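Here the structure is laid out as structure tokens; the discussion comes afterwards.
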Number of protein chains: 2
Amino acid sequence: MKGMELAENLARRPGRPLSFDRAAALHQAMLLFWENGYETTSVAELTKAMQITAPSLYTAFGDKERLFLETVEHYQTGTTGTALGLIRKASTGREAASNLLLESAVAFTGRDTPPGCLLASSAATGSAAAAGVRAALTSIRRQIELALRRKTACDMKAGRLAPETDVAALAAFTVATIQGMSVAARDGADRKKLERIAYTALAAWPG
Amino acid sequence: MKGMELAENLARRPGRPLSFDRAAALHQAMLLFWENGYETTSVAELTKAMQITAPSLYTAFGDKERLFLETVEHYQTGTTGTALGLIRKASTGREAASNLLLESAVAFTGRDTPPGCLLASSAATGSAAAAGVRAALTSIRRQIELALRRKTACDMKAGRLAPETDVAALAAFTVATIQGMSVAARDGADRKKLERIAYTALAAWPG
DNA sequence: CCTCTTTCATAGCACTCATTACGAAACCCA
DNA sequence: TGGGTTTCGTAATGAGTGCTATGAAAGAGG
């Protein structure tokens, strides 16, 4: 929600209004970061894809880092719904994992988007200058893992899961497999292959 | 083996010999690529870590791309032994997967190396200029997956595995989980956590 | 209309990028 | 001790990096 502050402040204020569709430009930026990664996407490439000039980018989005972080938010509120939402909606940890895995298989092989997961691939490594961006992505991954672990821990407390079950490992394993599915997608795996990976992973879940 | 050609040609030829330890410099380059990624590691950083000047780097290793590809070879012939070797040594697909998963947990949390897997993280995304490097890494991942699939297919032919088993999915799943373990390691997971992920993944294997 | 505020496009900032001339220095072989 | 060959350190190349100063233009309110 933080990135929206800039967008809100930009709307309805005196002076010349933005001459371009801010949301559309943000979407184009997301696609480019998704495809090429954070540090390895230049501002010149961004302005070309967004069809705006560099000063416009800076007045509308702050700088490259803030633009990226806002694309991450845009990504998380995308069509498939947020990962946390999928977990919340599920009634059991296993169902949450199933939703996450199968939705990932779909999202990572979208027709109108690059392959894989923006959160997984756009800043896997990088220079010290991009440490903040990497930390932000790590934080998101941790949130998802934590939510899944809590959901699964509820199952154990409710007696739906054997007490010796390693719920933390199940959550970490599921998130890890999803990250790996992103790599597979970037390596050319199609939706069917990702779904078979997802179903295989689900076999590790008790119940 | 291809990168060795340059190294072989460099040895025992007329003129002034190299004044530095080529293998040691290569190792330092590997550590830096491992930590920061291919495109996001500059030649200046490389020369500093390798303790050589830029012209020395270029005469000894060709250019940045060939240096990286040679570090990848060096990585694959590292202390843990190659992934393909682990698969070959195993007597069943499940044992191969177990070896891969558990060795990865160790290798991704080494004391003297950056976290995660060089093959997984150093070029997850990037500009078009680095497409060749990404393709090389993709090829390696495919080789490992293929070897694991073949090993597992043998189990099925030998009757050790139910005929309806999806061996391709098992192999793809296992490689994907390993890639995800690399992400987890970079997110700060310790060896114990990776091992618990590995054991959980193993539960998806029949037998 | 005028004023105020903001965005616009042009152009350029200082800096870093990968890569390489250049001449001096070091080694092998004769 | 020479010639031949190569690497050495210094310094620089052109291109690209993220980012911004500048003045003109566009809107809103009076």
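Residue numbers start from 1 in every chain, and the chains themselves are labelled A, B, ... in the order their sequence lines are given, proteins ahead of strands. Values in this document were obtained by computation on a predicted structure and should not be read as measured data.
Regarding B/Lys64, its NZ atom lies at a distance of 17 Å from the C1' atom of C/dT20, rounded to whole Å. Nucleotide C/dT7 holds its C1' atom 16 Å from the CG atom of A/Asp21, rounded to whole Å. Between A/Leu67 atom CG and D/dC19 atom P the separation is 10 Å, expressed in whole Å. The distance between atom CZ of B/Phe68 and atom P of C/dA18, rounded to the nearest whole Å, is 14 Å. What separates CG of A/Asp63 from P of D/dT20 is a distance of 8 Å, to the nearest Å.
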Inset, instruction - Check the pair B/Arg22, B/Glu70 against salt bridge (Lys or Arg N to Asp or Glu O under 4.0 Å), reporting the backbone distance first and the verdict last. - result: CA-CA 12 Å; B/Arg22 192 177 184 280; B/Glu70 198 171 337; 2.8 Å; yes
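With no hydrogens or angles considered, no side-chain donor-acceptor pair links A/Asn36 and B/Thr125 at under 3.5 Å. Under 3.5 Å, the side chains of B/Thr41 and B/Glu45 contain no donor-acceptor pair of N or O atoms.
Between B/Phe33 and B/Phe68, the two ring planes are perpendicular [angle over 60°; tilted spans 30° to 60°].
The side-chain tip of B/Lys193 does not point at the ring of A/Phe173 from less than 6.0 angstrom away and within 45° of straight on.
Here the side chain of B/Arg186 pairs no donor or acceptor atom with the backbone of B/Pro114 at under 3.5 angstrom.
Exactly one of A/Thr152, A/Leu202, A/Leu148 qualifies for a side-chain contact (heavy atoms from CB on, under 4.5 Å) with A/Thr174. That residue is A/Leu148.
Remark: A/Phe108 engages no residue in a ring pair (Phe, Tyr, Trp, His ring centres under 6.0 Å) (not counting sequence neighbours).
At a non-hydrogen distance threshold of 4.0 Å, B/Thr53, B/Pro55, B/Ser56 from residues 36-58 of chain B come into contact with DNA chain D.
At D/dT7, none of the side-chain N or O atoms of B/Ser19 fall inside 4.0 Å of OP1 or OP2 (strictly under the cut-off).
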Inset, instruction - Indicate for each nucleotide in nucleotides 23-30 of chain D, in 5' to 3' sequence, whether protein heavy atoms under 4.0 Å reach the base (B), only the sugar-phosphate (S), or nothing (-). - result: --BBB---
